[in-house]
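Notes follow the structure.
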Amino acid sequence: MSAKLLDGASAGAAIRAELQSRVRALPRPPGLAVILAGDNAGSESYVRAKIKAAGELGLLSELIRLPAKLTTPDVLAHIADLNHRPEIDGILVQLPLPPQVDAAAALLAVDPAKDVDGFHPLNLGNLVSHRPGPLPCTPAGIMELLRRNEIAVEGREAVVVGRSDIVGKPLALLLLRAHATVTICHSRTPNLPEVCRRAELLFAAIGRPALLDERHIRPGAVVVDVGVNALTRREDVERYFPGDAKRLAEFERRGRTLIGDVDPRAAAALASAATPVPGGVGPLTVAMLMANTVAAAERRF
Ligand code: NDP
């Protein structure tokens with residue numbers, strides 16, 4: 001079997017194109033503020049992608065860079081200011097925050113109406129109880145990717161590996177809302193391969209390069225790989241991407257290449273459909289952030 005590619009880049013572009021007329025219908029451009037603290041290379045590149053997408057869509061975006069040494073009261077003061085500014089519709093606090101900062105307090109301080117990441121406890125409560133509100137971007141993007149590829153969820157066996165507040169848990173709740181039978185796995189799950197092999201829909205949100213392999217994938221399963229990990233050894237690149245000249249060239253150029261949580265050879269051989277890394281879930285996350293920001297602005301008018 002050769003898995004169908006679930007192309008997140010084109011789905012993300014389609015979502016952003018569909019938002020254009022909604023942006024034009026508003027009396028002023030929606031405003032997105034991003035708080036970025038410290039110098040985490042991953043966060044820098046995620047934020048760059050978000051600001052670029054906002055600009056292309058005609059949103060007003062503002063990047064607030066804060067030093068790594070900042071304190072919890074510093075972050076809270078910036079959030080309070082953004083909560084009050086009328087031209088700002090969405091506030092995103094890029095995680096992780098430096099370790100001395102109370103991240104939970106920061107997320108709680110964001111006005112729930114401007115919480116475009118959907119991480120405020122009130123919005124997580126709305127998700128649990130099926131009330132309207134912004135949904136966390138990565139899980140919402142995954143559901144959109146399934147929908148656009150006409151992959152049925154209702155009545156199917158779904159396994160989510162990872163239970164973080166930003167991906168695994170909300171994704172499991174959205175799958176449940178869509179009437180899947182959902183199992184959540186984590187680092188203490190015994191017999192992980194056996195549990196994963198039950199999945200008609202398998203989701204990996206772990207952060208461990210190629211942790212899931214042919215032992216974990218039921219033949220014909222749909223595999224969605226959220227993980228973003230760097231391979232920095234040439235032998236690993238040759239092992240996981242045999243004969244892939246583009247990957248090797250990228251590795252030669254940058255000294256690294258990205259891989260998900262699923263061994264791409266196993267996904268290609270066993271799955272009926274699978275997301276690539278990069279170009280799978282990532283672009284959907286950015287597109288859903290744009291959708292949440294536009295929706296937040298619409299609600300305020
Ligand atoms: P976290 O580190 O918060 O959570 C990882 C989860 O994986 C935990 O629940 C952990 O279990 C579980 N886990 C770790 N090791 C194992 C193991 N050996 N077996 C089974 N489960 C395990 O990560 P995030 O949820 O924030 O992110 C997951 C991945 O997704 C990362 O690679 C991240 O970079 C990527 N990501 C990608 C996005 C995108 O847009 N493409 C957006 C957000 C994240 P336990 O709870 O027991 O510790």
Side-chain angles (χ1 to χ4, degrees), residues 12-37 43-66 74-97 101 103-127 131-144 165-167 170 174 281-301:
I15 293 168
R16 287 186 278 131
E18 288 159 18
L19 289 170
Q20 277 170 2
S21 57
R22 286 170 58 190
V23 171
R24 280 197 296 269
L26 288 165
R28 62 155 174 80
L32 171 67
V34 179
I35 293 182
L36 174 62
S43 296
E44 287 276 345
S45 79
Y46 295 141
V47 165
R48 216 178 306 125
K50 291 167 183 175
I51 297 277
K52 180 167 173 272
E56 285 168 3
L57 192 58
L59 270 52
L60 175 115
S61 66
E62 183 170 322
L63 174 59
I64 295 152
R65 279 183 181 276
L66 301 174
D74 291 337
V75 184
L76 296 185
H78 280 280
I79 294 172
D81 176 50
L82 294 168
N83 282 343
H84 286 107
R85 281 173 51 190
E87 78 284 15
I88 297 296
D89 302 292
I91 303 169
L92 183 156
V93 180
Q94 183 65 41
L95 299 176
L97 287 170
V101 175
L107 297 180
L108 189 62
V110 173
D111 178 347
K114 295 188 177 187
D115 169 37
V116 284
D117 252 340
F119 292 165
H120 190 284
L122 186 90
N123 288 322
L124 291 174
N126 286 336
L127 166 60
R131 292 164 56 87
L135 297 172
C137 299
T138 301
I142 291 169
M143 298 306 287
E144 197 56 28
D165 289 348
I166 62 173
V167 189
L174 288 179
V281 173
L284 271 304
T285 299
V286 175
M288 297 318 282
L289 174 67
M290 299 303 115
N292 279 350
T293 305
V294 174
E298 287 171 341
R299 276 195 300 273
R300 294 181 68 226
F301 284 109

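- The shortest non-hydrogen separation linking G133 to N123 is CA-OD1, 4.5 Å.
- Under a 3.5 Å cut-off, the side chain of D74 and the backbone N or O of V101 do not form any donor-acceptor pair.
- Residues L124 and P136 meet the side-chain proximity criterion, which asks for heavy atoms closer than 4.5 Å.
- Using a 4.5 Å cut-off on side-chain heavy atoms (C-beta onward), V116 and V110 make no contact.
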Verdict with supporting geometry, E44 and R65, salt bridge (charged side-chain N to carboxylate O under 4.0 Å, His left out) | CA-CA 10 Å; E44 287 276 345; R65 279 183 181 276; 2.9 Å; yes
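- Using a 4.5 Å heavy-atom cutoff, the side chains of L95 and F119 are in contact.
- For the atom pair CD of E144 and SG of C137, the computed distance is 12.5 Å after rounding to the nearest 0.5 Å.
- The distance from the CD1 atom of I64 to the CG atom of L92 is 10.5 Å, given to the nearest 0.5 Å.
- Applying the side chain to side chain donor-acceptor pair (under 3.5 Å) definition to pairs two or more places apart or across chains, those involving residues 282-293 are T138-T285.
- A search for side-chain hydrogen bond (donor to acceptor under 3.5 Å, both in side chains) contacts involving D165 returns K169, not counting sequence neighbours.
- Across all their heavy atoms, V167 and P139 have their closest contact at O-CG, 3.8 Å.
- Residues passing the side chain to side chain contact (heavy atoms under 4.5 Å, CB included) test with A14 are E18, R148, sequence neighbours excluded.
- Between atom CG of residue L76 and atom CG of residue D81 there is a gap of 12.5 Å, rounded to the nearest 0.5 Å.
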Side-chain polar contacts of residues 51-61 - donor-acceptor pairs under 3.5 angstrom, sequence neighbours left out - could you list them?
from: K52; atom 1: NZ; to: E56; atom 2: OE2; distance (Å): 3.3

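- From L284, atom CG reaches atom CG of L289 across 12.5 Å, with rounding to the nearest 0.5 Å.
- Screening residues 103-127 for salt bridge (Lys or Arg N to Asp or Glu O under 4.0 Å), with sequence neighbours left out, gives no hits.
- A distance of 4.0 Å separates CD in E62 from CZ in R85, rounded to the nearest 0.5 Å.
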Please report, to 0.1 Å, the donor-acceptor pairs under 3.5 Å made by any side chain of residues 19-35, with sequence neighbours excluded.
from: R22; atom 1: NE; to: E298; atom 2: OE2; distance (Å): 2.8
from: R22; atom 1: NH2; to: E298; atom 2: OE1; distance (Å): 2.8
from: R28; atom 1: NH1; to: D89; atom 2: OD2; distance (Å): 2.9
from: R28; atom 1: NH2; to: P86; atom 2: O; distance (Å): 2.9
from: R28; atom 1: NH2; to: D89; atom 2: OD1; distance (Å): 3.1

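- The structure places CG of L66 at 12.5 Å from CD of Q94, a figure rounded to the nearest 0.5 Å.
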